[in-house]
Amino acid sequence: MSISLPQTGMWALYAREVKRFQKLWMDTIFNPIVSIGLYLAVFGVVAGDRVIHGVPYLAFIYIGLLSMNLINASISNPAFALIISKNLGTIIDLQLAPISPWRVGLAYALAALTRGVITLFVGVLLTAWFIPLGGIAHPFLLLLAIALTGIQFGIVGVAFGMWAKNFEALTFLTTFVLQPMIFLAGVFYPIDSLPSPWNIISQFNPLHHNVNLLRFAVTDYADGNPWRSLIIVITLLVAATVAMHYIVKKKLRAE
Amino acid sequence: MNPLSIQHVSKTYKTPKKEDLLAVDDVSLVIAPGSIHGLLGPNGAGKSTLISLIAGINTPTHGSITLFGLDVIKNPEAAKGLIGVVPQEVVVEMAFTVQEVLYYFSGMYGVPQAQRQARIDQALDDLQLTEKKHEKAKNLSGGMKRRLMIAKAILHQPKLLILDEPTAGVDVALRQKIWELVRRLNASGTTILFTTHYLEEAEQLCDAITLVNHGKVIKEGKLKDIQQEFSKNIIHFELFNKSVSHPSDVVATGSEFEFPMTNLAQDMNMITTHYGDNLKNIRSEAASLEQIFLTLTK
Ligand SMILES: Nc1ncnc2c1ncn2[C@@H]1O[C@H](COP(=O)(O)OP(=O)(O)OP(=O)(O)O)[C@@H](O)[C@H]1O
Ligand SMILES: [Mg+2]
């Protein structure tokens, strides 16, 4: 009854999930990059040389778009994998294996973070040369913000994938919940430029704080206090983890 | 420490009409270390449900289950790590090759990376899947997929191996191979619990059996004892002309007939008188598991 046994198990599950998206590298790498490229092309033409709060507009939305990608990849990677495995019946592997539910969830969330980071890295490599970024203001905070955001939405993706019965539910989540929240999170504009009450409502959009934190880390500009955003992100991560544990535990053992 | 101890376990499912379906009904069962135990019963008897409860993927409505003294509900991870399970339903990953499936699954059971490849190669050899090592698991034939499921269950060298119809859909020669493997694992100390609908396989392999029907245990014990108990109770005979009237309780089994007796002399006498010269031969002998099964689940 070695205590270390489940840990090995968790890392093997993590490695398996990384392998799974590695096999879909076109999807993993190029889909998000094409979408970022298109957004930048369109907004670059429209916005020209505009500057927002001292940040070139192109750089402003660039960070927003990368954040959006990270969040999307982190949610959909585990959600897809889990819904497919429920449909195929291979979910039984997770039920049989001696890995505790929260570790199962964490393995999937870490794989999601890995996918998000790889996408981010390749995306930046391919596009950063034409963005007037001018360096990274807070590199360590940036790493922390990426890790927290990737894991947070990875965990949300795990909880959702375990809970959802089919892909319709996932489409519903991404189209009707996630997409609007991303657009209202201040990806394309600073939320203080919104008319009241939308600028207030946006403060309650959890995604706003992820985007805000990431943008602050790169550009030193924040919509409101960045440290408050950091605290909110950490709080939401903890809450999401608790909810995820409960859902995974319930779903991995039939009542 | 007994590999498996089930105490008064019941499982109720809700049907779509919200009625209760008692799939496992107050089952108690202990499996001795080192034995090969057959769990037998007709379709829908509750065998797979019982296995899902033992494997900790389903929760009993009542009762408790321990694996090597560990409670499956209270200590699920530690308990699960000690057993290997081959589920009845064959499922395969779409994305992975046979090698990858085995590599990651054994990892999930905590097999250290350094030991995985040797164990995988051994299992592939045992189950004659070596040639398919780099094939996508989804492209295997049905019987190969089932053998892959068996390979997955043995890589972490479980102390109790549970196989739910491991030979369904497997050809005759390979079925022999699978049972050879099971015997070998048993000889090296693995306790075995399995279900099958091929009763002659159970007869050849089992030390003990548990016969279930409608969720209840209807017979259990050493196979030899059960056979002995039944052999005293059955008279076999052959007839020259089969299309004659029979005493009630006579059952035709192919070329033979059987009669469940209560008193040897009296019943032999009754049969010889009834058929007279038509009787080709008559004897009482050990009942086959099939006969016992049919008698008890009638
Ligand atoms: N998840 C479930 N929900 C509702 N009823 C179920 C469920 N699983 C099994 N049952 C019912 O429980 C009963 C026992 O099923 P089980 O699969 O345990 O039988 P079995 O002995 O394994 O049969 P077989 O030999 O056909 O595999 C059946 O009536 C079945 O319909
Ligand atoms: Mg079954």
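Remember, it's a predicted structure, so these values are computed and weren't measured experimentally. Residue numbers begin at 1 in each chain, while the letters A, B, ... track the order of the sequences. Atom set for the values below is all heavy atoms of this structure, side chains included, hydrogens, waters and symmetry mates excluded.
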Which of A/L94, A/D93, A/L24, A/L252 touches chain B most, by non-hydrogen pairs under 4.5 Å: A/D93

No-hydrogen, no-angle side-chain donor-acceptor test under 3.5 Å, B/H197 and B/E165: yes

Output field: ring centroids A/F167/A/F80 closer than 6.0 Å: yes

Among A/T90, A/I84, A/L13, residue most engaged with chain B (heavy-atom pairs, under 4.5 Å): A/T90

Choice from B/P112, B/S106, B/G56, B/A153 maximising heavy atom contacts with chain A below 4.5 Å: B/G56

Side chain, backbone, both or neither of A/I92 within contact of chain B (heavy atoms, under 4.5 Å): side chain

B/H214 NE2: over 12 foreign heavy atoms closer than 6.0 Å: no

Note: A/E17-A/R20 ion pair, threshold 4.0 Å (strictly below): yes

Options B/I83, B/I73, B/N75, ranked by heavy-atom pairs under 4.5 Å with chain A, top entry: B/I73

Pairs meeting criterion side chain to side chain donor-acceptor pair (under 3.5 Å) with involvement of residues 153-182 of chain A, two or more places apart: none

Between B/Y103 and B/Q117, a side-chain donor and acceptor under 3.5 Å: no

Residue part contacting chain A, namely of B/V92, when any heavy atom lies under 4.5 Å: backbone

Leading residue by heavy atom contact count with chain A [cutoff under 4.5 Å; candidates B/Q113, B/M94, B/E89, B/K14]: B/M94

